[in-house]
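These notes are about the structure you will find just below.
Below, chains carry the letters A, B, ... as their sequence lines are ordered, and counting in each starts from 1. All of these numbers come straight from a predicted model, not from anything done at the bench.
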Amino acid sequence: MSELEEEYRLDYFEEEDFVRKECTECGDFFWTRDEDRRTCGEPPCEDYQFIDNAGFDGEYSLEEMREAFLSFFEDQDHERIDPYPVAANRWRDDVLLTQASIYDFQPLVTSGQTPPPANPLTISQPCIRMQDIDNVGKTGRHTMAFEMMAHHAFNAREDLEDPDQYAYQGEVYWKDETVEYCDKFFESMGADPEEITYIEDPWVGGGNAGPAIEVIYRGAELATLVFMSMEQDPDGEYEMKDGNRYSKMDTYVVDTGYGLERWTWVSQGTPTVYEAVYPEMIAFLKDNAGVEHTEEEAQLVHRSSKLAGHMDIDEAEDMEAARDNIARELDVSTADLEALLEPLEDIYAIADHCRTLAYMLGDGIVPSNVGTGYLARMVLRRTKRLCDNVGVDAPLDELVDMQAERLGYENRDTVRDIVRTEIEKYRETLEQGGRRVERLAKRYAEEGEPIPTEELVELYDSHGIQPDMVEEIAADFGTGVDVPDDFYSLVASRHDSGQPFEEETEDEDRFDDLPATDRHYYEDQFGTDFEAVVLDVFEREGEGAGDGDASEGEPVYDVVLDQTMFYPEGGGQPADRGALTTDDTTVQVEDVQIRDGVILHRTDEPVGKGDIVRGNIDVERRRRLMRHHTATHIVIHAAREVLGEHVRQAGAQKGIDSSRIDVRHYERIDRETRDEIERVANEIVMENTSVQQEWPNRHEAEEEYGFDLYQGGIPAGKNIRLIHVAEDVQACGGTHVRRTGDVGTIKILNTERVQDGVERITFAAGEAAVEATQRTEAALADAAEILDVVPAEVPETAERFFEEWKARGKQIEDLKEQLAEARASGGAAGEEVEVGDATAVVQRLDADMDELRATANALVEEGKIAVIGSGADGAQFVVAVPEGVGVNAGEVVGELARKVGGGGGGPPDFAQGGGPDGAKLDDALEDAPEVLRQVRNA
RNA sequence: GGGCCCAUAGCUCAGUGGUAGAGUGCCUCCUUUGCAAGGAGGAUGCCCUGGGUUCAAAUCCCAGUGGGUCCA
């Protein structure tokens, strides 16, 4: 079946007397030293062999196993690399979490654009796989958090014409050595070589593919050896199992994965992986939740775990069937077994989830409604529910801290703080949601109906309330709910709006022949004038940027020079403006962009190809941008100092008058905190330390400063540009002032929450800060002048005025009522008419609605029908009728309002209406008695 | 990044274009030895902000602000 069969005929297998066999169960091909072996050894073809029968020469803890692996490969000339964060989006933008060690080196290293930090290397990389979340705790082997131990080698073909096009050259090692290393490592652990099988299992993923080998020992898949060597290619010579065609690449990469938890588990032979990996935490949780077992029960649990381990229950739906089978085999009822196992499953899951949270929060993920923050929130809430469910009453921040401590994080106080804040938020959500459900349940219970599915979806989608919680509360109120099986797909269907399509701006290859422009804005960040040769000019139709001199529709020109000082838009810094001058003409530069190293100066008029031009940059604009750019570094540094180390940039935009940065933080920034950030920022300005740039090797830079360098994105290349501002170091391509003092001053203008967990800080630097302060002061001064007080007294005065204004409103209301009563009892102005047995008062009163209503009410109190008209704003009527009089006020108003070109209505005893035609008001009132009589007779 | 939901008395919330409500808390009085409680009366409000539609907007529409939630 394998088209890649040849790929697996390794010299190493030959030398070591391996034989290739076909599994009698699944038909896969595998390699073994055991002539008599029939199956590939992987469940379900075979059961776990290692439970109660540990596989190595000793028991290893997680830490011991990790060390054993890394030092083994160090002895084999691999360099040990520190693990990367679990938040993979800190160095790549296509994934959220690190799910394998190779993620650390995608896409720049695997494609050969940048060199690996070492070659070959070994690493134990923490990973998180959310897709396993439902299985955690239940199957005995799934964990959401795990470490993937690995050895990697990055190779490039040796027969290339231009080997230097890749960041690494030649072959380090390939398949034979990889299998040999794996074999040797097993040997070093005291495994029996006869029992190891190597299954042929081609690998496909993410546009790449290659032969791969699964390594099975005692029924457990302990390693996967992937030989990434092909890329998707419609004309490729290999067809892989995904149905696509692939061809060989110039680079080929050894990608291995050894599950640390699995190895630890096999070394101990415990029934579940959890007991091998977190024994202390599980003991603590059991004790805390009061889970105790008799000798007999403990035996049952043990045997059940063993059986569960054997079963192929990767899918949650299989769980119930598996549970039934296990119960039958143990000769107990499924219900009894579940009652015994469920608390344990919860405890296992809690331990795993806490480790997941420790990784996520320890690596600086802030809970939020977006991205990795959302995933962290989901895990946290799930963990909290599990704790409540099983009766663990230890605070969650303590549990997470237990794992964080073990994992060696130094920001544990912040992690605990985040957990506490999140738990508090969740508590509020639940409380609010609970009340909402109670109201609903009460309403539906009264109607004797169950809560409909639609409400259930709404509760979950808009309010985060799980259906089981609704079920519980509904039961308390004596009604039910209908939870459909496809509940979550119903929720999903509310979201299936059309995917926003990516706009592919296919850039013509017209720049391909042009050399990369010489950039002089780094070597002299203050240079503003230069000479250059025009290499080419491209005309673009009708793309005049509305903000420049060229109006829309006019043609614009992209001028390419051999060298420039113009800064192209990038890293949140807008492009420079300025002019290009030849002997004949001066053209305005309205925008500057960079494409594959070629800098385009967009101008309103053309210059001649081959001309020599003088360029000069709009100095004022550039200086303001530089101040703001340096200030941005200062502000984020100050924010980290004040808010904590977890603070990270989530976006930034520099400007002329103000700039903004978005930072990840788990709380709102209040005014006091904001003032503190501003104070620290200005302290850095006043220290007036120098601002330095350097171009170190990227891996050395990462080594020294960590991934916090990449606040504003990940640059490509062997060397990266670093900017040092006081103690802050960032990879940055922008232009900066020489010393922090050159920023002048920093004024924070505003903080707002752009998303949950993301705060936007808007600030101004230098002259822009002074201007902003002056604007604020002007507004205050104007307000003070209006109130006729000094500025300091504005708040107090404003409050007093506001209070007085409210009091007067109330007083006016009172007076209107009194006035209305007086009018009604005085019987003065109105014309009284008889309508059947009742008396009606028809009156014109040019006042507002409130007064009309009050007057009408007062007349009704006297037992009279009130018809009041006002010409204060168009024509308005109020008609009120005492109880027991057969006149419908709504109809009367409708009739009257029609006469003034409008409409009206209301209940039969009190109606309002009106129309725009005020001139006809008196006519309408004159007709009122007639209208009253008609309506009465109707 | 996208979708959805919410904003009304100190608090929790009703309110279907037509006179802003309930429960609780608050104030006063009464009953009671005290506590708990009960009875009677009273005050609660820029109905988040700004536009628009309408004779009329707490209510409908748009934008903003603040909060919540689901998904990728």
Side-chain angles (χ1 to χ4, degrees), chain A residues 89 93-96 130 368-375 377-378 381 425-426 428-436 438-440 442-443 454-455 457-466 487-500 502 650-651 668 750-756 758 801-803 805-810 813-814 816-817 820 848-858 860 866 869-880 889-890 893-894 896-918 920-921 924:
Chain A
N89 60 350
D93 52 16
D94 55 337
V95 291
L96 296 177
M130 299 284 293
S368 154
N369 62 333
V370 292
T372 49
Y374 178 63
L375 300 179
R377 172 167 290 170
M378 286 300 92
R381 292 185 173 189
K425 276 191 180 178
Y426 188 41
E428 272 171 33
T429 296
L430 283 184
E431 207 175 275
Q432 223 152 18
R435 283 195 299 261
R436 182 174 290 271
E438 278 175 26
R439 285 198 299 275
L440 267 178
K442 207 167 157 188
R443 181 142 39 111
E454 201 182 312
E455 296 276 13
V457 173
E458 168 74 14
L459 282 170
Y460 178 72
D461 197 32
S462 295
H463 305 287
I465 302 161
Q466 312 288 24
F487 177 75
Y488 288 96
S489 55
L490 279 178
V491 174
S493 69
R494 279 172 61 134
H495 295 276
D496 67 349
S497 55
Q499 280 289 66
E502 290 281 311
R668 292 307 312 266
N750 189 36
T751 60
E752 59 183 324
R753 196 196 73 141
V754 291
Q755 279 167 0
D756 200 12
V758 180
F801 274 44
F802 188 52
E803 292 301 326
W805 173 79
K806 286 195 283 189
R808 267 173 218 197
K810 260 180 266 185
E813 204 117 310
D814 282 351
K816 275 181 188 168
E817 254 164 63
D848 63 24
M849 257 320 192
D850 281 342
E851 208 169 326
L852 262 55
R853 279 197 293 256
T855 308
N857 281 333
V860 166
S870 164
D873 181 20
Q876 289 176 311
F877 303 100
V878 170
V879 175
V893 160
L896 293 176
R898 197 157 35 243
K899 294 177 191 289
V900 293
D909 63 328
F910 192 98
Q912 313 161 53
D917 199 350
K920 292 191 180 150
L921 175 62

(message) Using a 6.0 Å cut-off, check whether atom CD of A:E803 has over 12 heavy atoms from anything other than its own residue.
(response) yes
Scan every strand shown for a Watson-Crick or G-U wobble partner of [N], both distances under 3.5 Å, and answer none if you come up empty.
N     : result
B:A7  : B:U65
B:C26 : B:G42
B:A58 : none
B:G1  : B:C71

Base, sugar-phosphate or nothing for [X]? Non-hydrogen atoms, less than 4.0 Å.
X      : answer
A:G433 : nothing
A:R381 : sugar-phosphate
A:R898 : nothing
A:V370 : base
A:N857 : base
A:M130 : nothing
A:K810 : sugar-phosphate

(request) Answer yes or no as to whether B:C70 has its base stacked against A:Y460, where stacking requires a ring-centre separation under 5.5 angstrom and planes under 30 degrees apart. (result) no
Whole-angstrom distance between [N] and [M], as gauged at atom [atom1]:
N     : M     : atom1 : result
B:C6  : B:A63 : P     : 16 Å
B:G38 : B:G23 : P     : 13 Å
B:U8  : B:U49 : P     : 10 Å
B:C46 : B:G41 : P     : 26 Å
B:A58 : B:A7  : P     : 15 Å
B:C26 : B:G10 : C1'   : 8 Å
B:G17 : B:C13 : C1'   : 22 Å
B:C11 : B:C48 : P     : 13 Å

(message) I'd like to check the ring-ring contact (aromatic ring centres under 6.0 Å, His included) partners of A:F910; sequence neighbours left out, ordered by chain and number.
(response) none
(request) Identify whether the distance between the nearest side-chain nitrogen and carboxylate oxygen of A:R435 and A:E431 falls below 4.0 Å. (result) yes
(message) Please give me the minimum heavy-atom distance between A:G914 and A:V900, naming the atom from each residue.
(response) C-CG2, 4.0 Å
(request) Compare every heavy atom of A:A856 with every heavy atom of A:A866, then report the nearest pair and how far apart it is. (result) CB-CA, 3.8 Å
Given atom [atom1] of [X] and atom [atom2] of [N], what is their separation to the nearest angstrom?
X      : N     : atom1 : atom2 : answer
A:Q755 : B:G3  : CD    : P     : 13 Å
A:D756 : B:C70 : CG    : C1'   : 13 Å
A:L490 : B:C4  : CG    : P     : 18 Å
A:E428 : B:U12 : CD    : P     : 10 Å

(request) Give a yes or no on whether a donor-acceptor pair under 3.5 Å exists between the nucleobase atoms of B:U69, that is its base, and the side chain of A:D461. (result) no
Is there a side-chain contact between [X] and [Y] (heavy atoms, below 4.5 Å)?
X      : Y      : value
A:F877 : A:Q912 : no
A:L459 : A:L440 : yes
A:L96  : A:M130 : no

(request) Measure from the side-chain heavy atoms of A:R377 and tell me the nearest of B:C13, B:U65, B:U69. (result) B:U69
(request) Indicate yes or no for a side-chain donor-acceptor contact from A:S368 to the backbone of A:D756 under 3.5 Å, with no hydrogens or angles considered. (result) yes
(message) Treating A:D848 as the side-chain partner and A:E851 as the backbone partner, does any N or O pair qualify as donor plus acceptor under 3.5 Å?
(response) yes
(request) For A:W805 and for A:R435, locate the closest nucleotide of RNA chain B by heavy-atom distance; then report the residue assigned to the nucleotide nearer the 5' terminus. (result) A:R435
(message) Go nucleotide by nucleotide along RNA chain B from the 5' end; which of A:R853 and A:K425 gets its closest nucleotide reached first?
(response) A:R853
Anything under 3.5 Å between a protein N or O and an N or O of nucleotides 5-9 of chain B, put it in a table, one pair a line.
| from | atom 1 | to | atom 2 | distance (Å) |
| --- | --- | --- | --- | --- |
| B:C5 | O4' | A:S462 | OG | 3.2 |
| B:C5 | O2' | A:H463 | NE2 | 3.2 |

(request) Output yes when at least one side-chain N/O atom of A:R439 is less than 4.0 Å from OP1 or OP2 of B:A14, else no. (result) yes
Between protein and nucleotides 49-59 of chain B, what N or O pairs are separated by less than 3.5 Å?
| from | atom 1 | to | atom 2 | distance (Å) |
| --- | --- | --- | --- | --- |
| B:C55 | O4' | A:G914 | O | 3.2 |
| B:C55 | N1 | A:G903 | O | 3.4 |
| B:C55 | N1 | A:G914 | O | 3.4 |
| B:C55 | O2 | A:G903 | O | 3.3 |
| B:C55 | O2 | A:G914 | N | 3.2 |
| B:C55 | N3 | A:G903 | O | 2.8 |

